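Please see the structure below; I have some questions.
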2 protein chains.
Amino acid sequence: MPEAQGDTETTGGPPRRTDRRPTMTDVAQRAGVSRALVSLVFRDAPGASTATRERVFRVADEIGYRPDSAARMLASSRSKVLGVLLTVRNPFHADMVESIYPVAEQRGYEILLSAASPTRDECKAVDALLGHRCEGLLLLGPTLPTSYIAELRRKLPVVSLGRHFRGIDVDSVHTAEAKGVRQAIAHLVELGHRSIAHIDGGRGPGAAERRKAYRAAMRKHGLDDYIRVLPGDQTEESGSAMAQVLLAEREAMPTAVLAGNDRCALGLLDVVWRAGLQVPGDLSVVGYDDSHLAHLSHIDLSTVRQDPNRHAELAVQCVVDRLDGVRDEAEEFVLEPKLVTRGTTGPPSQSGIMRFPSGDGVET
Amino acid sequence: MPEAQGDTETTGGPPRRTDRRPTMTDVAQRAGVSRALVSLVFRDAPGASTATRERVFRVADEIGYRPDSAARMLASSRSKVLGVLLTVRNPFHADMVESIYPVAEQRGYEILLSAASPTRDECKAVDALLGHRCEGLLLLGPTLPTSYIAELRRKLPVVSLGRHFRGIDVDSVHTAEAKGVRQAIAHLVELGHRSIAHIDGGRGPGAAERRKAYRAAMRKHGLDDYIRVLPGDQTEESGSAMAQVLLAEREAMPTAVLAGNDRCALGLLDVVWRAGLQVPGDLSVVGYDDSHLAHLSHIDLSTVRQDPNRHAELAVQCVVDRLDGVRDEAEEFVLEPKLVTRGTTGPPSQSGIMRFPSGDGVET
DNA sequence: CTTCATCACTAGAGCGCGCTAGTAGAGCGC
DNA sequence: GCGCTCTACTAGCGCGCTCTAGTGATGAAG
């Protein structure tokens with residue numbers, strides 16, 4: 001049977017798909033040049049006159065030609081694609097993704113997203129990226145084991161955002177967690193807080209460092225006795241659960257909490273607000289990340305800013321440099337965090353319940 | 001300078017990247033069969049003995065072979081890839097993405113994610129997907145103009161989730177918005193509410209229908225005089241902004257609010273809780289979507305459930321059917337919404353005075 | 001015996017592009 | 001005329017795979 005491959009004018013063919021996608025050959029024919037020339041033009045390579053260049057673009061536009069990235073990457077054995085592993089529910093990841101797109105584009109790379117979720121583990125998500133010929137991988141707060149990352153790294157450049165892997169040849173971009181935590185604690189202490197608890201981030205990126213830094217900072221301020229790490233996991237759930245725990249303590253409750261991240265802080269805030277406490281009067285709360293949730297006006301969360309844009313920039317540059325063979329040894333970019341004081345921190349209330357027994361060694 | 005590129009067998013090549021990726025030919029050679037046979041095995045096509053099949057898989061595993069999807073889609077002119085357009089910040093989209101992955105996989109399709117954001121409009125995101133040879137498109141709550149969608153549809157099967165486009169040959173999967181709204185209003189009325197406001201979703205998916213249904217439902221219950229649509233846009237911001245507006249009204253404040261979606265409800269709740277009001281006593285709140293945010297234990301939001309899993313299933317099936325040529329005319333899948341009553345709805349408190357205990361807890 | 005179907009496998013032509021090597025023609029100096 | 005360079009273009013191979021059209025080997029039917 002004759003198979004009329006519908007082109008510009010439909011030919012009432014079999015119940016097949018829509019129009020055949022135009023190829024470079026179509027453009028070449030219509031523009032009266034060779035296929036190679038069209039290729040030149042689309043790669044923005046030298047060797048075509050301005051007039052021809054324009055004509056080619058015009059014709060391409062007319063017939064709706066769009067370079068086929070599959071063929072392109074096959075032929076060039078360069079895909080110009082970077083894979084991004086993210087957790088789809090994480091707002092800070094969302095922030096970074098938004099920053100990654102423009103940076104990658106500027107460097108001439110496309111971005112492929114692959115989401116990990118409860119039902120789709122990170123390995124699987126990474127596999128999908130590899131199958132699509134990514135040249136490099138940006139892993140957002142990966143929880144993959146070090147050995148797996150090392151294995152990955154043998155295949156392609158990998159950069160981990162928000163988590164540093166020591167001992168293996170993998171680049172990383174993360175914040176100087178300790179510094180951020182120190183700033184947060186210093187801020188709270190300056191406001192007059194002494195009983196400052198920390199909700200831990202569990203196995204989450206940066207959690208271990210934050211925990212450690214919290215303890216150190218508290219000690220530095222002579223608040224050893226107030227050190228209190230509550231278990232958590234960087235989700236709203238853990239924030240609200242810990243809020244319940246704290247509320248149950250009433251008078252013994254800390255006057256400030258450093259949450260494991262913004263999500264955790266939000267969970268906590270919701271419960272605290274709901275219980276009728278004043279923030280920051282009855283409880284000051286500091287988050288971590290400064291994800292877009294934090295600066296919603298009604299939340300107005302004091303938090304430690306991790307610049308997603310800068311993360312993105314460095315990470316993309318990292319991978320691209322590796323691909324260009326500019327660099328050979330692992331690099332660790334440590335970004336300066338910055339405490340952003342908003343509305344959830346303030347002096348502990350003077351008028352309410354006296355939380356601290358005055359005159360037993362605690363300075364005021 | 002000599003560049004020892006540590007791989008298994010160094011070939012002192014140019015300062016190139018890591019190990020060459022193994023190809024089908026490598027597997028074939030090592031397994032002592034033809035390339036075509038390996039192809040057969042990996043496509044799970046008939047024509048290979050079980051023994052050979054196993055051997056091929058074993059060898060492939062040994063050398064770390066992974067089919068190259070670029071080459072595959074080029075050769076087959078079937079990419080087996082579906083593109084998903086999402087807004088990376090939208091939690092309901094996150095829910096749907098999570099559901100789409102397994103469903104697509106089961107149908108033998110891969111998923112490519114492309115995120116729209118304030119700095120990357122939907123057109124651009126769609127373009128990226130097209131460049132990657134997606135065979136079909138799932139658009140999550142698209143805000144693209146109808147004409148653009150129609151144009152897209154001429155190139156490939158498209159299904160819109162959460163929004164219906166009338167008059168064009170595009171499939172859609174969405175909830176019977178009116179029904180959900182009716183359930184919500186009926187629930188509130190039954191609890192004794194009369195003054196029920198609605199925060200509008202602006203141009204968001206389903207917003208127009210919900211608005212209309214809200215008005216109709218209120219009228220049905222004889223509450224014409226209480227009809228009140230507050231402007232909004234399905235974000236936390238609009239929820240909190242409207243909460244401020246309502247709080248300022250004190251005694252005149254409605255006793256219940258139907259928010260444009262869950263995010264909006266959350267923004268509203270935060271402000272209301274913070275102001276010291278009791279939910280649901282002083283104000284009942286109903287969301288829309290039942291995104292994962294809604295059932296966080298501390299939020300415990302009454303909301304109208306839109307089943308993301310079912311959305312995903314139908315949408316994928318929709319596109320796949322089109323690709324298989326099973327169907328030819330546009331189809332509209334309307335899903336049953338289901339009111340989920342949780343902790344944010346209850347009878348209104350008897351006296352309006354109760355709602356503002358101290359008389360100056362709220363700034364105006 | 002021949003014929004034919006079936007099974008297990010192979011040869012080889014593309015898919016749409018990138019890219020190297022090459023060509024035609026113009027311009028220029030001698 | 002010659003050779004030379006430079007610009008503007010083209011021919012055609014091959015990236016890693018799929019897929020049609022085969023090939024030989026085996027066994028059953030005639």
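Please read these numbers as outputs of a predicted model, since none were measured by experiment. Here is the naming used below: chain letters follow the sequence lines, and residue numbers restart at 1 for every chain.
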Item to check | Side chains of B/Tyr65 and B/Arg30, donor plus acceptor under 3.5 Å | outcome: no
Item to check | Nearest-angstrom distance from the residue atom CZ of A/Phe42 to P of C/dC19 | outcome: 15 Å
Checklist entry - In whole angstroms, how far is the P atom of C/dC17 from the CZ atom of A/Arg43? => result 12 Å
Next on the checklist: By nearest atom, which of the nucleotides C/dC9, D/dT10, D/dC17 is closest to the B/Arg72 side chain?
Outcome noted: D/dC17
Checklist entry - Is a salt bridge present between A/Glu105 and B/Arg120, judged by a nitrogen-to-oxygen distance below 4.0 Å? => result no
Item to check | Rounded distance in Å - CZ (A/Arg35) to C1' (C/dG16) | outcome: 8 Å
Item to check | Donor on one side chain, acceptor on other, A/Ser39 and A/Arg43, under 3.5 Å | outcome: yes
Checklist outcome for this item: Rounding to the nearest 10°, end axes of the helix from C/dC1-D/dG30 to C/dC30-D/dG1 built from five pairs each make an angle of 60°
Item to check | side-chain N/O B/Thr52 vs C/dC9 OP1/OP2, d < 4.0 Å | outcome: yes
Checklist entry - Do the charged groups of A/Arg154 and A/Asp169 touch, with an N to O distance under 4.0 Å? => result no
Item to check | Rounded interatomic separation in angstrom, taking CZ from A/Arg78 and C1' from C/dC19 | outcome: 14 Å
Next on the checklist: Quick check on DNA chain C: between A/Met73 and B/Val33, whose nearest nucleotide comes earlier from the 5' end?
Outcome noted: B/Val33
Checklist outcome for this item: Which of D/dA11, C/dC17, C/dC15 is nearest the side chain of A/Ser34? It is D/dA11
Checklist entry - Which one, D/dG16, C/dC17, D/dC19, comes nearest to the side chain of A/Ala71? => result C/dC17
Next on the checklist: Between A/Ser49 and D/dC9, is there a contact of a side-chain N or O with OP1 or OP2 at under 4.0 Å?
Outcome noted: yes
Checklist outcome for this item: Winner on side-chain proximity to A/Ala36, out of D/dA11, D/dC17, D/dC9, is D/dA11
Next on the checklist: Could you check whether B/Glu110 and B/Ser69, counting side-chain N and O atoms only, form a donor-acceptor pair closer than 3.5 Å?
Outcome noted: no
Item to check | Spacing between B/Met24 atom CE and C/dA11 atom P, to the nearest angstrom | outcome: 15 Å
Checklist entry - With a 4.0 Å cut-off on heavy atoms, is B/Ser39 in touch with a base, just the backbone sugar-phosphate, or nothing at all? => result base
Item to check | d(CG, B/Asp68; C1', C/dC15) in whole Å | outcome: 13 Å
Next on the checklist: If I take atom CG in residue B/Leu74 and atom P in nucleotide D/dC15, what distance separates them, rounded to the nearest angstrom?
Outcome noted: 13 Å
Next on the checklist: What is the distance, to the nearest angstrom, from the CD atom on A/Gln29 to the C1' atom on D/dT10?
Outcome noted: 15 Å
Checklist entry - So what does B/Arg53 hit on the nucleic acid, given a heavy-atom distance under 4.0 Å: a base, only sugar-phosphate, or nothing? => result nothing
Item to check | Selection from D/dT10, C/dC17, C/dT10 that lies nearest to any side-chain heavy atom of B/Leu37 | outcome: C/dT10
Next on the checklist: What contact category does B/Pro46 fall into here, base, sugar-phosphate, or nothing, at under 4.0 angstrom with non-hydrogen atoms?
Outcome noted: nothing
Checklist entry - Does a donor on one side chain sit under 3.5 Å from an acceptor on the other, for A/Glu98 and B/Thr119? => result no
Item to check | Side-chain ion pair, A/Arg21 and A/Asp26, N-O less than 4.0 Å | outcome: no
Next on the checklist: Closer than 4.0 angstrom, basic N to acidic O: yes or no for A/Asp328 and A/Arg322?
Outcome noted: no
